[in-house]
Amino acid sequence: MKRTKIKAALNATGPMDEITIMGWVRTKRDNKGFSFVELNDGSCLVNIQAVIDHTPEIEAALDRVGTGASVSITGELVESPGKGQKWEVRGRSIEVLGEADQETFPLQKKRHSDEFLRGIAHLRPRTNKYGAIFRIRSELAQAIHKFFAEKEFYYIHTPIITGSDCEGAGEMFRVTSLEHGSTQPPDMDFFGKPAQLTVSGQLSVEMFALSLGDVYTFGPTFRAENSNTPRHVAEFWMIEPEMAFADLADDMDLAEEMIKYLITHIMDHCPDDVDLFAKWVDKSLMPTLENILKEPFKRLPYTEAIDILKKAKKGFEFPVEWGMDLQTEHERFLCEEQFKKPVYVYDYPKTIKPFYMRMNDDGRTVAAMDCLVPRIGELIGGSQREERMDVLQARMGEMGLSEEDYWWYLDSRRYGTAPHAGFGMGFERMLMLVTGVANIRDVMPFPRTPNSLDF
RNA sequence: UCCCCAGUAGCUCAAUUGGCAGAGCGGGUGACUGUUAAUCACUAGGUUCGCGGUUCAAGUCCGUGCUGGGGAGCCA
């Protein structure tokens, strides 16, 4: 099929005698003797307008066309005499590719609530807002690979199915090939042992940092937590870079550079789509993004953060004391009120962090960092990893972890260990940041949440 | 998982103290020679989320279940 994408047609530098456009009808306006048909094909936010003079044959076709139908229109591309668009198609013929019954087609020529559109997740990318979200989502994924390629990081595909039942984060989904309700023991299962969906590629990707140097993984991860918030889903994508011969400061440098790179990239490459969000979704989007770009992030040791929170004239629900994990209200206070920009909190108490984070000289904190951003909360969590075999073994002992289960992980410290650091960034949370979309379910094609697996 | 709120036409919402279930948009039909989510006229459209209860009478009150939203926890 020969067609010109609408994005290309709208960017034309001159008229065209022969053009065929295909897309979905957003609206049709009939007049006596001719009709306007606005088409969108997903290639860009903007529709193209086609003007078609009526003939008996064309009228018969137009009778079958309503909002949502897909059509092919052939004619010429001309400068529009009307206001609102530079180019339009003067149609000579129209072919109806797929009708849409107006009685039942759920998308109307008006704004719908996000809640309603979630119920028709298979059709919502045909709306302006969701089309824009998923174009930006694609561009953001590409930008991540571009960023790491430019910095000469290697892209590692870490496994989705894992046999490590404790990767240091959250409840896991079990993977089995046994019949539902089977009483067979795990050693009769496919892998001969229990298997789960990964919650993080970190332990795997560390092995490759300690081989290839600078690496990253970017793929789906799964959490079986019964979380019901606008910031959590059961299946989400995570970017996890890992650098050999790097410490916590290098880690924070990389994360900050990456966030700024991604925001700049999206502003440069998706101006129309970003504009839609700035206008209709979050009026403070542009100031927020510009604010993130303009200054260095605040770097705040956990112990100082606790002091600030203690002195804050603020009725926190949770009392503040050294050793506790920061609550949502504390995180929001730090980045939205105290510093009004992204904040790294680092050097957390060892008791609230996983075994693999590097012990600091004080013996009570570890080289961990969280990057907190306004509105989203924790966008990134990372650390310098414990590279010293004896310290790592001691930590695992404290936390009741079996060295046998991690024999391959420990081998990386046994043979040629080296300082290294990395972090995990929630891809969808980054997408929420650059679009201003408030609910994570609205930046995923088909979100998976507790009791929801409809598509 | 806990706390709070909501569920009425395809969508977004009204409905006074418990007293005849409504509007806008969308749909259908018609009009209109340049419209921009066109406009104008006419028109159809309801198991008031399910189940049980109180009452002469329930969209409205009570119980329960389901679904959705907000907040919290867990985290990215």
Side-chain angles (χ1 to χ4, degrees), chain A residues 25-38 40 46-54 63 66-68 78 80-85 88 90 100-120 127-128 167-171 199-202 218 220-240 255 316-318 325-332 352-354 370-373 376-382 423-433 438-444 449-452 454:
Chain A
V25 174
R26 283 300 174 77
T27 179
K28 179 183 73 164
R29 292 181 289 273
D30 293 319
N31 291 274
K32 191 179 183 73
F34 66 100
S35 294
F36 297 100
V37 176
E38 278 196 36
N40 186 290
V46 188
N47 305 327
I48 197 164
Q49 170 170 286
V51 192
I52 311 174
D53 287 330
H54 292 171
D63 277 347
T67 301
V78 298
S80 176
K83 284 178 184 160
Q85 62 278 316
E88 68 184 20
R90 185 150 275 282
D101 179 3
Q102 298 300 292
E103 300 276 358
T104 58
F105 184 63
L107 291 175
Q108 303 174 2
K109 292 182 288 187
K110 63 169 205 167
R111 290 184 70 177
H112 290 288
S113 67
D114 293 323
E115 293 79 14
F116 171 70
L117 291 170
R118 256 169 242 156
I120 48 168
T127 65
N128 286 341
E167 291 174 335
E171 289 294 307
V199 295
S200 161
Q202 182 200 313
F218 177 23
T221 49
F222 308 87
R223 303 278 166 92
E225 302 284 354
N226 189 11
S227 296
N228 289 286
T229 86
R231 297 182 302 281
H232 294 87
V233 274
E235 176 183 306
F236 63 100
W237 284 59
M238 193 150 60
I239 304 114
E240 294 175 287
F316 290 125
E317 188 188 338
F318 293 85
D325 209 351
L326 297 185
Q327 304 296 317
T328 299
E329 58 178 347
H330 306 135
E331 296 180 348
R332 295 191 69 139
I352 55 171
K353 291 292 179 185
D370 284 352
C371 182
L372 312 175
V373 296
I376 310 291
E378 188 181 338
L379 176 63
I380 281 175
F423 63 81
M425 168 192 273
F427 179 60
E428 283 78 13
R429 288 190 181 171
M430 186 65 204
L431 201 46
M432 291 167 77
L433 182 67
N439 195 313
I440 195 169
R441 292 166 199 151
D442 296 334
V443 298
M444 311 202 68
T449 51
N451 286 316
S452 176
D454 285 337

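Below, read A as the first sequence line, B as the second, and so on, with proteins coming before strands; counting in each chain starts at 1.
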Trainee: What's the spacing between Leu379(A) CG and Met432(A) CE if we round to 0.5 Å?
Mentor: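 Reported value, rounded in 0.5 Å steps: 10.5 Å.
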Trainee: Given the P atoms of G65(B) and C4(B), what is the spacing between them in whole Å?
Mentor: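 Their P atoms lie roughly 14 Å apart.
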Trainee: Nearest-Å distance, CG (Asp53(A)) to C1' (U35(B))?
Mentor: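 It works out to 14 Å between those atoms.
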Trainee: Give one of base, sugar-phosphate or nothing for Ile376(A), where a contact means two heavy atoms less than 4.0 Å apart.
Mentor: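 The answer is nothing, as Ile376(A) stays clear of every strand by at least 4.0 Å.
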Trainee: With a 3.5 Å limit on both atom pairs, tell me what A44(B) is paired to, counting Watson-Crick and G-U wobble, or say none.
Mentor: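 When the pairing criteria are applied, nothing turns out to pair with A44(B), so the answer is none.
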Trainee: With sugar-phosphate meaning primed atoms plus P, OP1 and OP2, does Met238(A) contact a base, only sugar-phosphate, or nothing at under 4.0 Å between heavy atoms?
Mentor: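 Answer is sugar-phosphate: Met238(A) comes under 4.0 Å of backbone atoms only.
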Trainee: Taking the C1' atom in each of U12(B) and C51(B), what is the distance between them to the nearest angstrom?
Mentor: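 To the nearest whole Å, 28 Å.
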Trainee: Think Asn31(A) has a side-chain N or O under 4.0 angstrom from the OP1 or OP2 of U33(B)?
Mentor: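 No.
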Trainee: Confirm from the modelled atom types if His232(A) and C75(B) form a donor-acceptor pair under 3.5 Å, side chain to base only.
Mentor: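 A donor-acceptor contact between them is present.
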Trainee: Between Phe318(A) and Ala234(A), just flag the one whose closest nucleotide in RNA chain B comes earlier from the 5' side.
Mentor: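 Nearest nucleotide further toward 5': that of Phe318(A).
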Trainee: By side chain to side chain contact (heavy atoms under 4.5 Å, CB included), which residues pair with Asn451(A), not counting sequence neighbours?
Mentor: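 Asn451(A) satisfies side chain to side chain contact (heavy atoms under 4.5 Å, CB included) with no residue once adjacent residues are dropped.
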Trainee: Look through every strand shown and name the nucleotide pairing with U1(B) as Watson-Crick or G-U wobble, where both distances are under 3.5 Å.
Mentor: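 U1(B) is paired, partner A72(B).
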Trainee: Does a nitrogen or oxygen in the side chain of Ser80(A) sit under 4.0 Å from OP1 or OP2 of G34(B)?
Mentor: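 No, because none of the side-chain N or O atoms of Ser80(A) sits under 4.0 Å from OP1 or OP2 of G34(B).
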Trainee: Rounded to the Å, how far apart are Leu107(A) CG and G27(B) P?
Mentor: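 Those two atoms, CG and P, are 12 Å apart.
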Trainee: Check every strand shown and say whether Glu235(A) touches a base, only sugar-phosphate, or nothing at a heavy-atom separation below 4.0 Å.
Mentor: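 It contacts nothing in the nucleic acid.
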Trainee: Just the table, please: protein N/O against nucleotides 39-46 of chain B N/O, every pair under 3.5 Å.
Mentor:
none

Trainee: Just say parallel, tilted or perpendicular for the rings of Phe36(A) and Phe34(A), cut-offs at 30° and 60°.
Mentor: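 Perpendicular: the ring planes of Phe36(A) and Phe34(A) meet at over 60°.
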Trainee: With a 4.0 Å cut-off on heavy atoms, is Glu317(A) in touch with a base, just the backbone sugar-phosphate, or nothing at all?
Mentor: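 Answer is nothing: Glu317(A) stays at 4.0 Å or more from every strand.
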Trainee: Over how many whole Å does the gap from Phe36(A) atom CZ to U33(B) atom P extend?
Mentor: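 Going from Phe36(A) (CZ) to U33(B) (P), I get 12 Å.
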Trainee: At less than 3.5 Å, do the side-chain atoms of Ser227(A) and the base atoms of C74(B) form a donor-acceptor pair?
Mentor: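 Side chain to base: pair present.
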Trainee: How long is the line joining CD of Glu331(A) and P of A72(B), in whole Å?
Mentor: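 It works out to 10 Å between those atoms.
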Trainee: Roughly how many Å is it from CZ in Arg332(A) to C1' in G73(B), rounded to a whole number?
Mentor: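 These atoms are roughly 16 Å apart.
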Trainee: Under 4.0 angstrom, heavy atoms only, what part of the nucleic acid is Thr27(A) near: base, sugar-phosphate, or nothing?
Mentor: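 The answer is sugar-phosphate, as Thr27(A) gets under 4.0 Å only of primed atoms, P, OP1 or OP2.
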Trainee: Going by side chain to side chain contact (heavy atoms under 4.5 Å, CB included), name the residues that satisfy it together with Pro230(A), two or more places apart in sequence or in a different chain.
Mentor: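 Testing Pro230(A) for side chain to side chain contact (heavy atoms under 4.5 Å, CB included), a comparison that skips the adjacent residues, returns Asn439(A).
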Trainee: Starting at the 5' end of RNA chain B, which residue's closest nucleotide do you reach first, Asp370(A) or Thr328(A)?
Mentor: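 The residue mapped nearer the 5' terminus is Thr328(A).
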Trainee: Give me the distance, rounded to whole Å, that separates C40(B) from U35(B) when you measure between the P atoms they each carry.
Mentor: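 After rounding to an integer number of Å, I get 15 Å for this pair.
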Trainee: Work out how far the P atom of U60(B) is from that of U48(B), and round it to whole angstrom.
Mentor: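 Pairwise P distance, U60(B) against U48(B), rounds to 10 Å.
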Trainee: Looking only at side-chain N and O atoms, does Asn439(A) come under 4.0 Å of OP1 or OP2 in G70(B)?
Mentor: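 So the side chain of Asn439(A) is within the cut-off, an N or O lying under 4.0 Å from OP1 or OP2 of G70(B).
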Trainee: May I ask you to say what Ser113(A) touches in the nucleic acid, namely base, sugar-phosphate or nothing, with a heavy-atom cut-off under 4.0 Å?
Mentor: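 Sugar-phosphate contact only - Ser113(A) comes under 4.0 Å of backbone atoms but never of a base.
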Trainee: Who passes side chain to side chain donor-acceptor pair (under 3.5 Å) against Asn47(A), sequence neighbours left out?
Mentor: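 Testing Asn47(A) for side chain to side chain donor-acceptor pair (under 3.5 Å), a comparison that skips the adjacent residues, returns Glu38(A), Asn40(A).
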Trainee: Listed by chain and number, what are the side chain to side chain contact (heavy atoms under 4.5 Å, CB included) partners of Asp63(A), not counting sequence neighbours?
Mentor: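 Scan of Asp63(A) (side chain to side chain contact (heavy atoms under 4.5 Å, CB included), adjacent residues dropped) gives none.
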Trainee: Considering residues at least two apart in sequence or located in another chain, which fulfil the side chain to side chain contact (heavy atoms under 4.5 Å, CB included) criterion with Arg111(A)?
Mentor: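 Arg111(A) satisfies side chain to side chain contact (heavy atoms under 4.5 Å, CB included) with Trp280(A) once adjacent residues are dropped.
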Trainee: Which is true for Gly33(A) with a 4.0 Å heavy-atom rule: it touches a base, it touches only sugar-phosphate, or it touches nothing?
Mentor: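 Nothing: the residue Gly33(A), judged by heavy atoms under 4.0 Å, touches no strand.
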Trainee: Measure the distance from CD on Glu115(A) to P on C5(B) and round it to the nearest whole Å.
Mentor: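 In whole Å, C5(B) P and Glu115(A) CD are 18 Å from each other.
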Trainee: Identify the heavy atoms of Asp370(A) and Gly381(A) that sit nearest to each other, and give their distance.
Mentor: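 For Asp370(A) versus Gly381(A), the nearest heavy atoms are OD1-CA, 3.6 Å.
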Trainee: Among the nucleotides C74(B), C32(B), C11(B), which one has an atom lying closest to any side-chain atom of His112(A)?
Mentor: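 The listed nucleotide nearest to His112(A)'s side chain is C11(B).
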Trainee: Mind calculating the distance between CG (Leu326(A)) and C1' (C74(B)) to the nearest angstrom?
Mentor: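 That distance rounds to 15 Å.
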Trainee: With heavy atoms under 4.0 Å as the rule, sort Arg111(A) into base, sugar-phosphate or nothing.
Mentor: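 Arg111(A): base contact, heavy atoms under 4.0 Å.
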Trainee: By the 4.0 Å heavy-atom rule, please label Val233(A) as base, sugar-phosphate, or nothing.
Mentor: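 Base, at least one base atom sits under 4.0 Å.
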Trainee: Any idea which heavy atoms bring Met444(A) and Phe236(A) closest together, and the distance?
Mentor: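 Looking at all heavy atoms of both residues, the shortest contact is CE-CA, 4.1 Å.
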Trainee: So which heavy atom on Thr67(A) is nearest to which on Gln102(A), and how close?
Mentor: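 Thr67(A) and Gln102(A) have their closest heavy atoms at O-NE2, 2.9 Å.
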Trainee: Partners of Arg118(A) by side chain to side chain donor-acceptor pair (under 3.5 Å), sequence neighbours excluded?
Mentor: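 Side chain to side chain donor-acceptor pair (under 3.5 Å) list for Arg118(A), sorted by chain: Asp442(A).
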Trainee: Looking for any heavy atom pair under 4.0 Å, which part of the strands does Gln49(A) touch: base, sugar-phosphate only, or nothing?
Mentor: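 Base contact.
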Trainee: Within the pair Arg441(A) and G68(B), is there a side-chain N or O less than 4.0 Å away from OP1 or OP2?
Mentor: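 For Arg441(A), the contact criterion (side-chain N or O under 4.0 Å from OP1 or OP2 of G68(B)) is not met.
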Trainee: Write down the distance separating the C1' atoms in G26(B) and A72(B), rounded off to the nearest Å.
Mentor: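 Each nucleotide's C1' atom is 39 Å from the other's.
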Trainee: Please identify each residue that fulfils ring-ring contact (aromatic ring centres under 6.0 Å, His included) with Phe316(A), with sequence neighbours left out.
Mentor: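 ring-ring contact (aromatic ring centres under 6.0 Å, His included) check on Phe316(A) returns His330(A), Phe333(A).
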Trainee: Please name the pair of heavy atoms, one in Glu240(A) and one in Gly424(A), separated by the smallest distance, quoted to 0.1 Å.
Mentor: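 Smallest interatomic distance, heavy atoms only, reads CG-CA, 3.9 Å.
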Trainee: Using the C1' atom in both, what is the distance from G27(B) to G70(B), to the nearest Å?
Mentor: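 Straight-line distance between the two C1' atoms is 33 Å.
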Trainee: Nearest whole angstrom, please: distance from the P of C11(B) to the CD of Gln102(A).
Mentor: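 Those two atoms, CD and P, are 16 Å apart.
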Trainee: Arg29(A) has a side chain; which of C74(B), U35(B), G28(B) sits nearest to it?
Mentor: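 Within the option list, the nearest is U35(B).
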Trainee: Work out which heavy atom in Gln108(A) is nearest to a heavy atom in His112(A); give both atom names and the distance.
Mentor: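 The pair with the smallest heavy-atom distance is N-NE2, 2.9 Å.
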Trainee: Under 4.0 Å, heavy atoms only, any strand: does Thr67(A) hit a base, just the sugar-phosphate, or nothing?
Mentor: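 Counting heavy atoms under 4.0 Å across all strands, no contact is made by Thr67(A).
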Trainee: Distance between the C1' atoms of C11(B) and G30(B), in whole angstroms?
Mentor: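 After rounding to an integer number of Å, I get 25 Å for this pair.
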Trainee: Please write out each protein N/O paired with an N/O of nucleotides 6-10 of chain B under 3.5 Å, distance rounded to 0.1 Å.
Mentor:
residue : atom : partner   : partner atom : Å
G10(B)  : N2   : Gln108(A) : OE1          : 3.1
G10(B)  : N2   : Gln108(A) : NE2          : 2.9
G10(B)  : N3   : Gln108(A) : NE2          : 3.0

Trainee: Expressed as a whole number of Å, how far does the C1' atom of G69(B) sit from that of C62(B)?
Mentor: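 That atom pair is separated by 24 Å.
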Trainee: Which one is paired to C51(B), where only Watson-Crick or G-U wobble pairs with both distances under 3.5 angstrom count?
Mentor: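 The answer is G63(B), by the H-bond criterion.
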Trainee: Taking the side chain of Glu88(A) as its heavy atoms from C-beta onward, which of U35(B), C32(B), A72(B) lies nearest to it?
Mentor: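 Ranking U35(B), C32(B), A72(B) by closest atom to the Glu88(A) side chain puts U35(B) first.
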